[in-house]
Amino acid sequence: MTHGQHKLTHGDQRVQNRLRVLRAERGWSQAELGGRIGVSRQAVNAIETGKHDPSLPLAFRLARLFGTSIEEIFNDGTAGEG
Amino acid sequence: MMARRVKADLAEVGEGERLEQARNSRKAWLLIALMAVGGLIGFVVAMSGGKDPFTDPDGWPPAMAIGIAILFVAATVGGGLILARQTDEVQLLAQYKAVAFAALAYVLAYPIWFCLWMGGLAPEPMHGALFAIFWLSLAGASLFYRVR
């Protein structure tokens, strides 16, 4: 796992995210990112640290904001598996 | 001077932070308004001295009783819905868990208290105390789920 990625465990499934890295690349605070996607600073922190799995609409908002796909932000460790 | 400094501080924050601050401000005002309504209802109830309107000739007039009940429902349901629209999914989830905890506390507290009363170990269950147990459980659980 690279620096800035966080794990979320759901049974056997682990979801990692690159939210902190993407946010840092833009020099945004958690409150700044939260305001841009309509959630609180605490919510951004909960997602970044893997305490909360974002809903699909929120994941799409994040992907649109960062100009990338959901899979580029969130990875359940099965990327590339067919 | 103060206003200029606040303006300068706001100019330094990004668009997202300004939106976040505005949302927090709306929530704070809404909470203050709801607490004011709750305080008003609580004050009126406290002033009534717990009189029984069915037996006490000085109990509440029916129109007043209906009016306060409607105000309470409107503030609780309407205020809750408006507040939920200002609340993100993480906070909502925490709130749902807190409500479930408080409901469990209530449905456990009453039968336990009732059994203890039947056994002569406690005074008769008081509806005001049970109502307070629900709200205190809700506040405690809400705080717990938000800060953990």
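Residue numbers begin at 1 in each chain, while the letters A, B, ... track the order of the sequences. Remember, predicted model here, so these are calculated numbers, not experimental data.
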Q) If you group Ile, Leu, Val, Met, Phe, Trp and Tyr by side-chain heavy-atom gaps below 4.5 Å, do B:Leu130 and B:Phe72 land in one group? A) yes

Q: Starting at CZ of A:Arg41, measure out to CG of B:Asp88 and round the result to the nearest 0.5 Å.
A: 11.5 Å

Q: Classify the side-chain pair A:Ser29/B:Glu17 by whether it contains a donor and acceptor separated by less than 3.5 Å.
A: yes

(Q) Using a 4.5 Å heavy-atom cutoff, which residues in residues 55-70 of chain A come close to chain B? (A) A:Ser55, A:Leu58

(Q) For a 4.5 angstrom cut-off between non-hydrogen side-chain atoms, does A:His52 reach B:Leu93? (A) yes

(Q) Hydrophobic clusters here meaning ILVMFWY residues chained together by side-chain heavy-atom distances under 4.5 Å, can you tell me if B:Phe131 and B:Val99 are in one? (A) yes

Q: State yes or no: do B:Phe101 and B:Tyr110 share one hydrophobic cluster built from I, L, V, M, F, W and Y residues joined by side-chain heavy-atom distances below 4.5 Å, directly or via other members?
A: no

**Q.** Heavy-atom closest pair, residues A:Ser40 and B:Gln91
**A.** OG-NE2, 3.6 Å

(Q) Is there a path of hydrophobic side-chain contacts, each under 4.5 Å between heavy atoms of I/L/V/M/F/W/Y residues, joining B:Leu34 to B:Trp135? (A) no

(Q) So for A:Ala46, is it side chain, backbone, both, or neither that comes closer than 4.5 Å to the heavy atoms of chain B? (A) side chain

**Q.** Atom OH of B:Tyr145: over 12 foreign heavy atoms under 6.0 Å
**A.** yes

Q | Largest heavy-atom contact set with chain B, pairs under 4.5 Å, which of A:Gln42, A:Gln30, A:Glu32, A:Arg36 | A | A:Glu32

Q.
Grouping I, L, V, M, F, W and Y whenever their side-chain heavy atoms are under 4.5 Å apart, do B:Met126 and B:Phe114 come out in a common cluster?
A. yes

**Q.** Residues, nucleotides or ligands: over 12 heavy atoms within 6.0 Å of B:Met64 CE
**A.** yes

Q) If you take all heavy atoms of B:Glu20 and A:Val39, which pair is closest and at what distance? A) OE1-O, 3.4 Å

